[in-house]
Number of protein chains: 2
Amino acid sequence: MSRLDRTLIADLAPFQGMHAADLDTMLGQARSMRIVKETAIFEQEGEAHSFFLLLDGHVRVVKTTPDGQQVIVRYISPGELLGIARALGRTTYPASAIAAVDCVALAWPSRLWSEFAAAFPSFGANTYKAVGARLQDAHARVIEMSTEQVDRRVAHALLKLIQQTGRKTEDGLLIDFPLSRQDIADMTGTTLHTVSRLMTVWEERGLVKSGRQKVTVVQPHKLLLLAEGHVDK
Amino acid sequence: MSRLDRTLIADLAPFQGMHAADLDTMLGQARSMRIVKETAIFEQEGEAHSFFLLLDGHVRVVKTTPDGQQVIVRYISPGELLGIARALGRTTYPASAIAAVDCVALAWPSRLWSEFAAAFPSFGANTYKAVGARLQDAHARVIEMSTEQVDRRVAHALLKLIQQTGRKTEDGLLIDFPLSRQDIADMTGTTLHTVSRLMTVWEERGLVKSGRQKVTVVQPHKLLLLAEGHVDK
DNA sequence: CGCAAAGTTGATTGCGATCAAGGGTGGTGG
DNA sequence: CCACCACCCTTGATCGCAATCAACTTTGCG
């Protein structure tokens, strides 16, 4: 049986400041798993039996309302923790996590979370720092939803994505996983129709290039100006 | 000089599970202060020199956008911590805190936060639990802003407030601090005009009673139905 | 090749913002 | 004590953004 090597995780944010031996201890209790595209890692309301570390791929975290509307809370990139319901004092997952592409992840039983946090203070502190960062993200999003028009919200969403996962191509910065108009709509509280029209206009203006489940930002700077409201639409 | 008595804080959520002696240690380093109505406890972007515990009164936490629009992030009730920027890994306050009425609070230098969290694990855990709860609140709010119409958002906001600070009166549940139409608008991402019209309709329907900076919810159950979308508007 | 999923585009509608005007009320200072 | 004024609230009229409704096109996959 192949053991997991600590270099797999040593450089990732959640494990900064930890001793090599402690990394091994954690890895020794991890189970590695692959998740095929468009399947769930965990489901909203489900028993929070495990927490995860994404090693490769991209995951979208989705909340579904009682009447079936979907909101994409965030996208997870490699190196980030997900499903840390226990750290938030929950016993069920507050959202579903769906693999946007084929993914590789590590999983630990939730029960171990408090053990790890206590035994490895750096790990606990890093996690809480991440929670703090997410709280600020969420607040920023509330402000955005309260005060900004659709076009600026969509621009912000795209900028956040290229910052997180932008891959340089000859055309500009490509968002590195399949992203539909509907997905963008679910991130920004609008409809696929409105997003489609925006993309058309922006493409004409040379700000972006996009196709089926694919978006490339050609002129991030101009998109930023638009997002910040410094230009006419 | 009068010392602060530990019974002042022993029963409050942030201090659950702490030893009496440790409470005294914390109190020994606290400074108690009064804040007059409509003045700031701290300002957005300001150096986060202190964190606070609200002992009496009500505080509104406000974010202001570069173009001057205001969003009320939350109201703080007695027994809650505020200004815990350091716990979120920040050195400046992410929002302003304004006393909605005359308030009494305890203040500690921010520097002590990590000391307390390390020395009194219960205190740290309680705080992080609170941060987790706020993260969930914020997410719920994003969902709300993304998927619900104005009337339902306003209904939810009022229900949250009466849950937090509702005081029983002969008419129903009174929100226990001055709350203007503009305030409600700033909580829900709408305008005072729309809120005013809603209140008028709801008053006619017997759901609420309201006046100058005063709101009483007469029929919480019916308001909940409206908030959940189970009835026609 | 056929079909389902994704995207485009036009037409229409309506919610809620904005613009505008006026009324009520509590607090303050003369 | 009263008058005035700032602040809060109400209500009407209009407008525009973006949702909705509808039809069609494109694209990739099995």
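Worth saying up front: this structure is predicted, and the values here are computed from it rather than measured. Numbers restart at 1 for each chain; the letters A, B, ... are given by sequence-line order, proteins then strands.
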Would one find a side-chain N or O of [X] under 4.0 angstrom from OP1 or OP2 of [N]?
| X | N | value |
| --- | --- | --- |
| B:Thr191 | C:dA17 | yes |
| B:Thr200 | D:dT11 | yes |
| B:Ser196 | D:dC9 | no |
| B:Thr194 | C:dG16 | no |
| A:Thr190 | D:dA19 | yes |

Regarding B:Glu38 and B:Arg60, does a basic nitrogen lie under 4.0 Å from an acidic carboxylate oxygen? yes
Whole angstrom value for the distance that separates [atom2] of [N] from [atom1] of [X]:
| X | N | atom1 | atom2 | result |
| --- | --- | --- | --- | --- |
| A:Asp151 | D:dA19 | CG | P | 11 Å |
| B:Gln149 | D:dT20 | CD | P | 8 Å |
| B:Leu179 | D:dC7 | CG | C1' | 15 Å |
| A:Leu198 | C:dG7 | CG | P | 14 Å |
| A:Leu192 | D:dA23 | CG | P | 17 Å |
| B:Glu204 | D:dC9 | CD | P | 17 Å |
| A:Arg152 | D:dC17 | CZ | P | 14 Å |
| B:Lys37 | D:dC7 | NZ | C1' | 12 Å |

Are A:Thr147 and B:Gln69 close enough that a side-chain donor and a side-chain acceptor fall under 3.5 Å? no
Within the side chain of [X], is there an N or O that forms a donor-acceptor pair under 3.5 Å with the backbone of [Y]?
| X | Y | value |
| --- | --- | --- |
| B:Thr216 | B:Leu174 | no |
| B:Arg141 | B:Val73 | yes |
| B:Gln70 | B:Asp186 | no |

Please report the C-alpha distance between A:Leu55 and A:Leu106 in whole Å, then the side-chain angles of each, then the deciding distance to 0.1 Å, and finally whether the side chain to side chain contact (heavy atoms under 4.5 Å, CB included) criterion is met. CA-CA 7 Å; A:Leu55 288 175; A:Leu106 298 181; 3.6 Å; yes
With B:Asp5 via side-chain hydrogen bond (donor to acceptor under 3.5 Å, both in side chains) - residues at least two apart: B:Thr7
What about B:His193, does its side chain sit under 3.5 Å from the base of C:dT18 through a donor-acceptor pair?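 No such pair is found, so the answer is no.
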Ignoring hydrogens and geometry beyond distance, is the side chain of A:Arg197 in donor-acceptor contact with the base of C:dG10 at under 3.5 Å? yes
What are the residues of residues 208-216 of chain A, sorted by number, that bring a heavy atom to within less than 4.0 Å of DNA chain C?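 Residues of residues 208-216 of chain A that come under 4.0 Å of DNA chain C are, in numerical order, A:Gly211, A:Arg212, A:Gln213.
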